[in-house]
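Data block below; observations after.
Residue numbering restarts at 1 for every chain, and letters A, B, ... go by the order of the sequence lines.
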2 protein chains.
Amino acid sequence: MTKRNTIQKSLIVESLHKLDHPTAEEIWQDISAKIPSISLTTVYRNLKQMVEDNSILAVTVDKGAIKYDSEIHPHAHFYCLSCGKIVDIPPSGFVPKIPEGFLEEVEITKTELLLSGYCAECKIKEKN
Amino acid sequence: MTKRNTIQKSLIVESLHKLDHPTAEEIWQDISAKIPSISLTTVYRNLKQMVEDNSILAVTVDKGAIKYDSEIHPHAHFYCLSCGKIVDIPPSGFVPKIPEGFLEEVEITKTELLLSGYCAECKIKEKN
DNA sequence: ATTGGTGCAAAGGCTTTGCAGATCG
DNA sequence: CGATCTGCAAAGCCTTTGCACCAAT
């Protein structure tokens, strides 16, 4: 069960860094421009594996398609309810203070902070 | 377009309070015991409407079914990756400190803090 | 009597799976 | 060569939608 390197895999990684919180389909479209034969299934399969390997992040908002994030260092997300874009928020100090006792009982492996609302551009549009 | 009160609707509200972060299907099964004719569609429709009315909360974890929460006051969630249960975490002071400037540009309407990991029971099981 | 709600069945969106063939090491 | 990976098609899961009938106000 040794992992192999494939053209598809490296192109997916490349797209992940190039695109901004893309969905599987957006990555697939991006790569299709170069390698028209790539399958959406392959994109899904590789993304899923990378998430399991903790080499990328899956951002789930609403019930729409999963958005992937190549930035794995701790940070929060802002999600625009109007245009759907995700913006990374630097970690510079969001401090979830959880009640005493709770943290001792459970084991927390992941912390997600998602702010939803309207981004600067959409906020302006809403007013018109 | 005035809203009407139906038996289904009130049973859904009742189940929401009785069950612990249930999915639409769990609510449907619960009600089916009393009213076997209730349709899953009706449950989905009412839940969706309540979420839009901000009378309940939709908690999205993974890509599985949405879990609904009748507690709408600010609080965080803990999600057990092993047994899947959701635990409400009292709001007693989680303070997302977002970088200066960002908050001035965007309009935030919702803040979600989701901690994932292993609950007390599952943590013990894992060790065996 | 209106017209919103319900149940049913079908469709829809996103993701996963089974399988045969291609490919990396 | 052998095991993993790919592409294709099909299935799966959760949720929504269209439509005719039912029922709350």
note: A:Ile38, atom CD1; C:dA22, atom P; distance rounded to Å ~ 18 Å
Between CG of A:Leu11 and P of D:dC5 the distance, given in whole Å, is 16 Å
Checklist entry - At under 4.0 Å, does any side-chain N or O of A:Thr42 touch on OP1 or OP2 of D:dG7? => result yes
DNA chain D nearest-nucleotide lookup for A:Arg4 and A:Ile7: closer to the 5′ end is A:Arg4
To the nearest angstrom, the CD-C1' distance between A:Glu26 and C:dC14 comes to 13 Å
- Any B:Lys9 side-chain N or O less than 4.0 Å from OP1/OP2 of C:dG5: yes
Taken to the nearest whole Å, NZ/B:Lys67 to P/D:dC13 is 16 Å
Margin query: Under 4.0 Å between a side-chain nitrogen and a carboxylate oxygen: does that hold for B:Lys67 and B:Asp62?
Written below: no
Whole-Å distance, A:Asp53 CG to D:dC5 P, equals 11 Å
Taking for A:Ser37 and for B:Leu40 the nucleotide of DNA chain D with the nearest heavy atom, the one nearer the 5' end belongs to A:Ser37
Worked check of side-chain hydrogen bond (donor to acceptor under 3.5 Å, both in side chains) between A:His75 and A:His73:
CA-CA 6 Å; A:His75 64 284; A:His73 297 108; over 6 Å; no
Pair of N/O donor and acceptor under 3.5 Å linking D:dT16 base with B:Arg45 side chain:
no
On DNA chain C, more 5' by nearest nucleotide between B:Asn5 and B:Lys63 is B:Asn5
By nearest-nucleotide position on DNA chain C, the 5'-leaning member of A:Ile66 and B:Thr41 is B:Thr41
If you compare every side-chain N and O of A:Tyr44 against the phosphate oxygens of C:dT16 (OP1, OP2), does one of them come in below 4.0 Å? no
To the nearest angstrom, the CD1-P distance between A:Ile31 and D:dC5 comes to 16 Å
So SG of A:Cys119 and CD1 of A:Ile86: to nearest 0.5 Å the spacing works out to 11.5 Å
| message | Tell me whether the side-chain N/O atoms of B:Gln8 come closer than 4.0 Å to OP1 or OP2 in C:dG7. | response | yes
Taken to the nearest whole Å, CD/B:Gln49 to P/D:dT15 is 17 Å
In this structure, CD of B:Gln29 is separated from CG of B:Leu19 (nearest 0.5 Å) by 10.0 Å
Check against side chain to side chain contact (heavy atoms under 4.5 Å, CB included), A:Lys123 and B:Val106 = CA-CA 7 Å; A:Lys123 209 170 69 175; B:Val106 304; 5.9 Å; no
Whole-Å distance, A:Leu47 CG to C:dT17 P, equals 15 Å
Phosphate OP1/OP2 of C:dT15 contacted by A:Lys48 side-chain N/O (<4.0 Å)
no
| What is the nucleic acid contact for A:Glu25, judged by heavy atoms within less than 4.0 Å: base, sugar-phosphate only, or nothing? | nothing
